[in-house]
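Notes follow once the structure below has been shown.
Note that the coordinates shown come from a computational prediction; the quantities given were computed from them, not determined experimentally. Only this structure's heavy atoms are used, side chains among them; waters, hydrogens and symmetry mates stay out.
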Amino acid sequence: MKNVLTHKWVPFLAGVGVLLTALSAQAAYPDKPIRLVVPFTPGGVTDVIARGVAQQMSEDLGQIIIVENKPGASGIIATDFVAKSAPDGYTVLLAAVGQAVVNNHLYKKLPYKPEQDLTAVSLVAEGQNVLVVNAQQSPFKSGQELIQYARAHPEELTYASFGNGSSSHLSAAAFTTMADIDVIHAPYRGSAPAMTDLLGGHISFMFDSMGTAITHINANTVRPLAVSGPERSSLLPEVPTFAELGLDQGYNVTAWFGFHVSSGTPAQIVERLSQSMKAVSQNAEFVETFRRQGVEIKSSTPAEYAAFLQQENEKLGSLIKQANITLD
């Protein structure tokens with residue numbers, strides 16, 4: 001009888017051992033460096049946010065956070081890498097709106113299933129895009145003037161974006177859809193070449209990120225006509241929103257960023273990362289540094305971020321369909 005009982009208890013005791021080991025690992029988290037994966041090359045806005053936040057979170061978590069850039073395929077390479085990583089909280093994705101939402105609607109087949117393979121951790125940052133024209137050459141002094149001209153001259157004006165499905169493209173698509181104007185889209189590979197052609201007089205307007213545009217605005221090389229968010233920007237308090245141009249508020253588009261980990265990551269670890277981001281967002285000096293660059297540092301609970309993602313999926317999915325945005 002003694003041998004039988006021992007035999008029966010072996011699997012149970014082994015399971016308890018595994019559970020205790022897992023709980024111990026969670027309690028000690030993090031006990032080694034964390035890898036923060038960025039879907040873009042170094043130097044861009046996502047990378048700058050990642051490195052700034054990583055430094056602050058490292059101090060809070062007591063571990064080094066290593067920023068690793070994995071650009072390519074509209075962020076799919078980086079997102080797939082994190083989705084397939086071990087669910088232990090040591091590989092984190094800083095996703096922009098494109099990776100978190102837009103790719104789901106533009107690509108018929110992804111190597112991962114966003115809702116099943118990734119877990120939402122926290123919102124990290126948000127910034128508005130701003131509608132700008134060439135300050136020296138453009139005749140448009142307001143958003144209303146641009147809209148009126150475009151309605152009277154369909155397919156004459158051109159606008160630049162950072163690429164198909166980018167936040168600048170979505171902001172422009174929202175603007176042109178709500179204004180009911182027919183203009184020509186010229187996608188570029190990033191903000192810099194698009195701005196170069198705007199300054200050269202080769203395109204009519206563009207939506208640029210606030211952080212990039214503010215330098216040109218202050219230099220009086222571009223003129224701001226509207227901001228893409230639901231409220232005016234503190235950096236450009238005189239520039240109106242879409243709503244103030246008389247456009248529907250249903251399609252406000254901002255450039256936002258959030259943390260994701262692979263599905264199956266223990267809730268305690270997800271919560272610890274979220275709490276760390278909250279601590280960063282309460283650092284007034286750090287927050288002000290980014291605010292001056294047009295980026296608002298934010299945080300949220302995992303549940304709040306998941307709800308936000310659902311809302312953005314519904315809104316941007318509808319916009320992409322209505323504006324007929326494709327990869328072509």
Side-chain angles (χ1 to χ4, degrees), residues 45-46 48-49 53 96-98 100-102 122-133 140-147 159 161-162 166-179 191 205-218 222-258 277-278 280-301 304-305 307-319 323:
V45 62
T46 312
V48 171
I49 292 171
V53 170
V97 58
V101 172
V102 177
S122 174
L123 193 61
V124 172
E126 186 175 22
Q128 296 204 53
N129 290 321
V130 54
L131 167 60
V132 292
V133 296
F140 307 122
K141 301 296 191 293
S142 69
Q144 289 94 338
E145 288 183 7
L146 189 155
I147 292 171
Y159 74 90
S161 79
F162 309 162
S166 64
S167 67
S168 65
H169 184 196
L170 294 174
S171 293
F175 173 73
T176 58
T177 297
M178 292 187 294
S191 170
F205 67 92
M206 69 177 288
F207 276 86
D208 201 0
S209 63
M210 184 67 69
T212 304
I214 197 69
T215 301
H216 296 283
I217 293 170
N218 291 337
V222 301
R223 181 184 305 122
L225 302 184
V227 293
S228 66
E231 298 177 354
R232 292 193 179 198
S233 168
S234 60
L235 294 180
L236 298 172
E238 74 286 357
V239 178
T241 64
F242 285 172
E244 291 173 312
L245 294 181
L247 306 180
D248 184 8
Q249 299 186 60
Y251 282 143
N252 292 117
V253 178
T254 58
W256 51 263
F257 310 84
M277 186 60 225
K278 182 178 180 179
V280 172
S281 71
Q282 294 174 339
N283 183 327
E285 183 178 355
F286 178 76
V287 169
E288 177 59 19
T289 298
F290 271 87
R291 188 199 68 79
R292 291 195 297 267
Q293 301 176 51
V295 177
E296 184 178 354
I297 299 298
K298 294 195 167 188
S299 67
S300 64
T301 66
E304 289 169 343
Y305 185 38
F308 173 80
L309 287 172
Q310 182 175 351
Q311 293 172 356
E312 289 291 286
N313 261 300
E314 293 174 357
K315 178 181 72 177
L316 297 181
S318 174
L319 172 61

Determine whether [X] and [Y] make a side-chain contact, defined as any pair of heavy atoms from C-beta on separated by less than 4.5 Å.
{"X": "L235", "Y": "M210", "result": "yes"}
{"X": "W256", "Y": "V101", "result": "yes"}
{"X": "F290", "Y": "E296", "result": "no"}
{"X": "I147", "Y": "L247", "result": "yes"}
{"X": "F257", "Y": "V45", "result": "yes"}
{"X": "R223", "Y": "K141", "result": "yes"}

Nearest 0.5 Å, please: how far is [atom2] in [Y] from [atom1] in [X]?
{"X": "K315", "Y": "Q310", "atom1": "NZ", "atom2": "CD", "answer": "13.5 Å"}
{"X": "F162", "Y": "S209", "atom1": "CZ", "atom2": "OG", "answer": "5.0 Å"}
{"X": "E145", "Y": "S142", "atom1": "CD", "atom2": "OG", "answer": "4.0 Å"}
{"X": "L225", "Y": "F140", "atom1": "CG", "atom2": "CZ", "answer": "9.0 Å"}
{"X": "E314", "Y": "L309", "atom1": "CD", "atom2": "CG", "answer": "11.5 Å"}
{"X": "R292", "Y": "S234", "atom1": "CZ", "atom2": "OG", "answer": "11.0 Å"}

Point to revise | Residues V227, N129; criterion side-chain contact (heavy atoms from CB on, under 4.5 Å); working and verdict | key: CA-CA 6 Å; V227 293; N129 290 321; over 6 Å; no
**Study point:** Trace of the side-chain contact (heavy atoms from CB on, under 4.5 Å) decision for F242 with N252
**Key:** CA-CA 8 Å; F242 285 172; N252 292 117; 4.1 Å; yes
Flag, side chain of [X] to backbone of [Y], donor-acceptor distance under 3.5 Å:
{"X": "S167", "Y": "A255", "result": "no"}
{"X": "S281", "Y": "I297", "result": "no"}
{"X": "K298", "Y": "G258", "result": "no"}

Where is the tightest heavy-atom contact between [X] and [Y], given as atom of each residue plus distance?
{"X": "L131", "Y": "F205", "result": "CD1-CD1, 3.3 Å"}
{"X": "T254", "Y": "E126", "result": "OG1-OE2, 2.6 Å"}
{"X": "L146", "Y": "V133", "result": "CD1-CG1, 4.1 Å"}
{"X": "A213", "Y": "V132", "result": "CB-CG1, 4.5 Å"}
{"X": "L245", "Y": "A226", "result": "CD1-CB, 3.7 Å"}
{"X": "N313", "Y": "A100", "result": "ND2-O, 4.5 Å"}

Practice item. Please test S318 against Y251 for side-chain hydrogen bond (donor to acceptor under 3.5 Å, both in side chains), starting from the C-alpha separation and ending with a verdict. Key: CA-CA 9 Å; S318 174; Y251 282 143; 2.8 Å; yes
Distance alone, cut at 3.5 Å: any donor-acceptor contact between the side chains of [X] and [Y]?
{"X": "Y159", "Y": "T176", "answer": "no"}
{"X": "S168", "Y": "S171", "answer": "no"}
{"X": "S191", "Y": "D208", "answer": "yes"}
{"X": "S233", "Y": "Q128", "answer": "no"}

Practice item. Count the heavy atoms belonging to other residues, nucleotides or ligands that lie under 6.0 Å from CD of E231, then report whether that count exceeds 12. Key: no
Review point. Would R232 and E244 pass as an ion pair if we require N to O under 4.0 Å?
Key: yes
Review point. Hey, what's the ring geometry for Y305 with F308, parallel, tilted or perpendicular (30° and 60° as the breaks)?
Key: parallel
**Study point:** Verdict with supporting geometry, L236 and I214, side-chain contact (heavy atoms from CB on, under 4.5 Å)
**Key:** CA-CA 9 Å; L236 298 172; I214 197 69; 3.7 Å; yes
